[in-house]
A.B. asks: 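First the structure, then my questions, so here it is.
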Amino acid sequence: MATSIADLLDDLQGLTRHVEQVDADTAGQAITSLGHLGRGLALLADADDIPRPIPTERSLVLRDVASTCIRAAGQWPRMDGRLPELAAVAADVVGRRAPRLDASEQSLLVGELNQVARDCLGIAKRFPPYAQILILTRAERAATRCAQVVRPQHAAARAGMILDEPVPATRIGTEASPARRMSNSIAGLAHAVQADARDGTLSVYAVLAAAAAAETASTRADAVAEQLNGGRPVRRSAAPQAWRVVQAALLNFDDGSRYSKAPPSVVVDWAVRLQESVDALPNRATSLAEVHEGATAARAVANQLPALADQIAGAVQRWATGGRLYARARSLPPSERHVPEMLHNRVVIATPEDVAPVARAARVAGRLSTALAVELDRTAGRIGRQPQRHLAAALATGLNADRLAHDAQWAERLAARCQPRPPAAPTLVR
Amino acid sequence: MTTDRSQEAIGVLDEPAAWLLAIGCADPNVVPAAVRLRCLKAVEELRSAGAIPARDLDQPPPSDIRTLLHEAHQCLATLSAEVRSEPLVLDALRAAAAAIEALG
């Protein structure tokens, strides 16, 4: 099941705030957790360190709390339990994201981890033999100081989206419900597209697969939105049509990746998993729990589609700027640049202007998917839950309602126009 | 696929890979995403195994998806046991079978 930093922090806070009696085991687990949280804070401090002649107060405070927590935990034997397990995962997840965080996101995560560290220290010190131990008192002071110095900055509302970034579980079997697998697969797909786009390994065919999976997922989310509207029909979002237009526009291009001997694309793998999980969903829910789970999963899916569309639009523009795409001149928008090639129907290297239809289709798919996510969020208080509160709030803020009707008409018109050309001869030749 | 495998052995993957790619790149309004995705997955596996799937950007869409898909699957299923036992080829075969199932 996909999780997120917000889910992990919620679970951690749930555990630390509902401890009634503290014995040696509970206190030991809290101290082990403190070590993991210190490690997470240290990774954030490492990413924060821009070489300066004199370190900032913020940097010193952050390093102090991280090292004190780690030192304190080193004084006790490691204890197993749910709390240390979750703290370790939270530290790993935060640590992996640390190098690419902006200052606002970093401050937010420091604040969150530091708060859990303070809660853990509170638990440990409630165990009478540990109440006066110096290293714990020092860690407590360092954490208090950190809370005073490192404050989330003004852009914290947007920074909150980092808390909702989904973290896919790599091992999730078919025994999990299709809705859970769907949430996990969209997380995996979003993560894989982002990673490949960052590394420059994203291919046209991987994007094609991602867009096809997005089409399937948005069709399902659209149907759920209609069901959740109390049986009253809602206007279909046209997001699936827009995703089809993205694919139809992209089909004109190739990037030569089919000559590569690189391992199979992880993006394609997650896209297929998303498709499989949607295929496995029952057409009619058999229990109320299934309705709630399906609604939550539909929100998890819809919330990720706008970012996926952004990634695709950005990747296509980068490919064209880098001269990585080629296409038949006749399949490109009319342009004076390609007149001779068009006359002879030659293959040309695509320019950023040539890929504008793909980028535009991706942006429209993003806006229509945003509308779908906002529509699903509207019913979050009644059926299921909103798994990504910060992200949903940011999507609602960014929704441009005035453009939606125009975007939907555009997508429906274009999707209808993507009709097949006359069929080919029965056999395919190389 | 192992590097010492003859070019000929790898070459037999090119044709089914090209057919599957043609279906994977078929019109989204005609071929369901469930089918196209599985075909793209099969192509990924075959490409990684050494196949070079041909694609003509000017090629009109294949007329009979069902026949082409069955032919691609059949082509993979009748490869020599040595080639077919490669994990990547096996995965491609499974993906092609899933595409047939999705086509109904």
Side-chain angles (χ1 to χ4, degrees), chain A residues 203-206 208-217 219 240-241 243-248 250-254 257-265 267-269 271-272 274-276 278-279 326-328 330-331 345 347 415-430, chain B residues 1 3 10-11 14-65 67-68 71-72 87-88 91-92 94-95 98-99 101-102:
Chain A
S203 74
V204 164
Y205 300 104
L208 200 56
E215 177 199 334
T216 303
T219 304
Q241 285 92 328
W243 282 108
R244 271 208 296 280
V245 177
V246 172
Q247 297 166 71
L250 197 59
L251 285 173
N252 293 321
F253 299 92
D254 199 346
S257 59
R258 61 199 163 87
Y259 298 106
S260 158
K261 298 288 171 281
S265 162
V267 171
V268 176
D269 195 39
V272 171
L274 179 55
Q275 176 72 46
E276 285 169 350
V278 175
D279 289 348
Y326 57 91
R328 288 275 172 192
R330 281 182 193 167
S331 60
N345 197 23
V347 169
R417 241 171 47 188
C418 302
Q419 291 303 321
R421 287 178 285 174
T427 53
L428 259 178
V429 289
R430 289 188 61 196
Chain B
M1 190 166 279
T3 49
I10 293 172
D14 290 355
E15 202 165 41
W19 294 342
L20 290 164
L21 184 60
I23 303 168
C25 294
D27 190 291
N29 280 330
V30 176
V31 181
V35 177
R36 286 181 284 116
L37 258 172
R38 266 81 177 214
C39 289
L40 288 172
K41 162 90 174 152
V43 174
E44 276 295 302
E45 303 293 337
L46 294 175
R47 172 191 63 69
S48 196
I52 299 176
R55 183 184 177 207
D56 184 349
L57 288 166
D58 213 22
Q59 179 96 33
S63 57
D64 189 349
I65 298 288
T67 306
L68 195 61
E71 275 192 32
L88 290 166
D91 283 347
R94 281 194 205 105
E101 201 184 322

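Chain identifiers are assigned alphabetically (A, B, ...) following the order of the sequence lines, protein sequences preceding nucleic acid strands; residue numbering begins at 1 within each chain.
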A.B. asks: Partners of B/E101 by side-chain contact (heavy atoms from CB on, under 4.5 Å), sequence neighbours excluded?
C.D. replies: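 Listed in chain order: nothing, the list is empty.
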A.B. asks: Do A/E215 and A/Q275 touch side chain to side chain, with heavy atoms closer than 4.5 Å?
C.D. replies: no
A.B. asks: Strictly distance-based, threshold 3.5 Å: is any side-chain N or O of A/R258 a donor or acceptor partner for the main-chain N or O of B/P53?
C.D. replies: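 It does hold such a pair.
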A.B. asks: Considering only heavy atoms, which portion of B/L21 lies under 4.5 Å from any heavy atom of chain A: side chain, backbone, both, or neither?
C.D. replies: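 Side chain of B/L21 only, per the 4.5 Å heavy-atom cut-off to chain A.
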A.B. asks: Where does A/F253 contact chain B at under 4.5 Å (heavy atoms): side chain, backbone, both or neither?
C.D. replies: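 Answer is backbone: N, CA, C or O of A/F253 sit under 4.5 Å from chain B.
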A.B. asks: For B/A17, is it the side chain, the backbone, both, or neither that has a heavy atom closer than 4.5 Å to a heavy atom of chain A?
C.D. replies: neither
A.B. asks: Pick one of side chain, backbone, both or neither for A/S257, based on which atoms fall under 4.5 Å of a heavy atom in chain B.
C.D. replies: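 Backbone of A/S257 only, per the 4.5 Å heavy-atom cut-off to chain B.
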A.B. asks: Side chain, backbone, both or neither: which part of A/N345 has an atom under 4.5 Å from a heavy atom of chain B?
C.D. replies: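 The side chain, not the backbone.
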A.B. asks: Looking at chain A, which one of B/R36, B/K41, B/R55 has the largest number of heavy-atom pairs inside 4.5 Å, strictly under?
C.D. replies: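 Looking at each of B/R36, B/K41, B/R55 in turn, B/R55 comes out on top.
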A.B. asks: Is B/D14 reaching over with its side chain to a backbone N or O of B/I52, donor-acceptor style, under 3.5 angstrom?
C.D. replies: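 Here the side-chain-to-backbone pair exists.
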A.B. asks: Can you tell me which portion of B/D64 sits under 4.5 Å from chain A's heavy atoms? Options are side chain, backbone, both or neither.
C.D. replies: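 No part of B/D64 comes within 4.5 Å of chain A.
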A.B. asks: To the nearest 0.5 Å, what is the distance between CG (B/L68) and CG (B/L20)?
C.D. replies: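 So the gap between those two atoms works out to 7.5 Å.
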A.B. asks: Counting only non-hydrogen atoms closer than 4.5 Å, does A/S331 touch chain B with its backbone (N, CA, C, O), its side chain (CB onward), both, or neither?
C.D. replies: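 Neither; nothing under 4.5 Å.
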A.B. asks: Under a plain distance cut-off of 3.5 Å, with no hydrogens placed, do B/E44 and A/S265 share a side-chain donor-acceptor pair?
C.D. replies: no
A.B. asks: Please identify, among A/A262, A/A206, A/A211, A/S203, the residue contributing the most non-hydrogen atom pairs under 4.5 Å to chain B.
C.D. replies: A/A262
A.B. asks: Sequence neighbours left out, what passes side-chain contact (heavy atoms from CB on, under 4.5 Å) with A/A213? Give chain and number order.
C.D. replies: A/L189, A/A271, A/L274, B/L37
